[in-house]
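See below for the structure under consideration.
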Amino acid sequence: MDVMQNDKLMVIYGNKALQMAYDIMTAANVKGMLSRDMKIVLKPNLVVAKPSISGATTSPELVEGVIRYLKDNGFNNITIMEGSWIGDSTRNAFRVCGYQQLSDKYGIPLVDLKSSRTKTCTYGGSSVDICSSVLEADFIINMPVLKAHCQTSLTCALKNLKGCISDSEKRRFHSLGLHKPIALLNKLLKTHLVLVDGIMGDLTFEEGGTPVEMNRVILGLDPVLVDAYAASLLGYAVEDIPYIGLSEKLGVGSTAINASTVIEINKADAPQAKLTPSRKVAHLAAYVKEDRACSACYGSLIHALNRMDENGTLRKLNQKVYIGQGYKGQKLDATGIGICTSGCTKSLRGCPPNARDIVEFLECK
Ligand code: SF4
């Protein structure tokens, strides 16, 4: 059987994650891309310590399907690696999301990339510090969740690699506006296969809480093509998500999708409902003045504003709330969230502060 081609994507529909992972890997003949001695790294999205039913994280059953496929075909050098977002513990995420159990069951090491050494990698005069453990892999299987993101609209394959850098590098990415460094990271860290958990995602928040059943798994070799397709599923054009086009310009992959690009394995089971991103975040963002905020910080504020909306206290906010590294060292007659806004007349410390503290702070203001 021929192996999957770079310019193709495969989709399988359903909700049985383990079997779907196994079947789609078989259909793509992934074993034809591997050799026995390869060090294979699985990179799920465990951005926060919440189970996959929250819509935030990669299903451990999907990862189990990949492990079984690899082991059944004689590939045993497998490691799971991830670094959760700033303010969350990857170890905790491994436990809460069911990965510790997977590790125990199959004897697969878990690597917390927050504790990994880093190596400075450079392209075109710009550099990124990337976790050395991932760089040492021979074959990286990127396993993102198909989700909305309150700053970049979409998070899928390309953005999932942010878990492969340190917390300080994540902060620097935000200070650079995210899109360019995400594209550069993907140029410097090549992944070999993408398997998207599109079974349960979240079309409102990256950190889950408003899960949506999407009942599909997408497989591709080119992360740019995967993200271009993921964007189209959510009704976005490639231009709406700048890091996709920037990655294409850097030669990471192609956004060219045509009628023969997508191979649907079980087309008859395709869900009929369209995937529509929620407008909720856009409504809440109208209360925010943001300049280069980290995802965890911005996410906490959006969650807090959502809570206030439900409590009926949001409409009492008569000034926009400042947030982000762009306000560091500035004296402002404003209310700010996070240590970066400590120059505001009123500011909530924390890096990042949590949503509950933000609600309390803003409601008592
Ligand atoms: S306060 Fe928020 S925006 Fe500033 S560095 Fe910390 S997490 Fe990032």
Side-chain angles (χ1 to χ4, degrees), residues 45-50 56 82-93 112-115 118 128-129 131 147-153 155 159-182 184-185 205-209 243 281 284-308 317 319-362 364-365:
N45 181 332
L46 304 180
V47 62
V48 287
K50 287 185 188 172
E82 172 61 319
S84 300
W85 74 0
I86 295 168
D88 225 317
S89 146
T90 317
R91 287 274 146 214
N92 202 22
D112 174 3
L113 292 174
K114 288 192 190 228
S115 329
T118 60
V128 180
D129 289 347
C131 295
K147 286 185 291 185
H149 188 273
C150 54
Q151 291 164 301
T152 59
S153 301
T155 172
K159 198 175 158 298
N160 194 36
L161 291 200
K162 228 171 123 245
C164 301
I165 56 175
S166 66
D167 279 0
S168 61
E169 196 64 340
K170 288 185 190 111
R171 283 193 185 91
R172 192 177 72 87
F173 268 39
H174 284 275
S175 76
L176 296 171
L178 272 185
H179 293 280
K180 278 189 185 166
I182 287 174
L184 181 63
L185 172 60
F205 302 114
E206 177 193 14
E207 60 274 36
Y243 64 73
V281 170
L284 299 172
Y287 291 83
V288 180
K289 196 144 171 55
E290 186 247 349
D291 187 359
R292 288 167 273 166
C294 301
S295 302
C297 215
Y298 193 77
S300 290
L301 175 57
I302 293 291
H303 265 291
L305 295 176
N306 191 35
R307 193 80 39 79
M308 289 172 70
L317 267 187
Q319 263 190 324
K320 289 199 179 200
V321 180
Y322 282 60
I323 187 165
Q325 298 177 73
Y327 299 115
K328 255 186 200 167
Q330 289 193 42
K331 292 268 174 239
L332 294 163
D333 183 16
T335 299
I337 297 298
I339 191 85
C340 292
T341 63
S342 56
C344 290
T345 24
K346 286 176 189 155
S347 166
L348 175 67
R349 297 293 173 105
C351 182
N354 68 46
R356 199 176 36 199
D357 290 346
I358 298 175
V359 171
E360 216 166 89
F361 171 75
L362 292 176
C364 297
K365 193 172 72 70

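Order of listing sets the numbers, starting from 1, for every ligand and every atom in it. Heavy atoms only: backbone and side chains are in, while hydrogens, waters and symmetry mates are out.
Applying the side chain to side chain contact (heavy atoms under 4.5 Å, CB included) test between Ile165 and each of Val128, Asp129, Thr118 identifies Val128 as the sole match.
Going from atom CD of Glu169 over to atom SG of Cys131 covers 9.5 Å, rounded to the nearest 0.5 Å. Taking SG of Cys364 as the reference point, atom CG of Leu348 lies at 11.0 Å (rounded to 0.5 Å).
If you check the side chains of His174 and Ser295, you find a donor sitting under 3.5 Å from an acceptor.
Partners of Tyr327 under the ring pair (Phe, Tyr, Trp, His ring centres under 6.0 Å) rule, at least two apart in sequence or in another chain, are Tyr322.
For a distance threshold of 2.8 Å, the protein N, O or S atoms nearer than that to atom 2 (Fe) of ligand 1, listed by chain and number, are Cys297 SG.
Around atom NZ of Lys289, no more than 12 heavy atoms belonging to other residues, nucleotides or ligands sit under 6.0 Å away.
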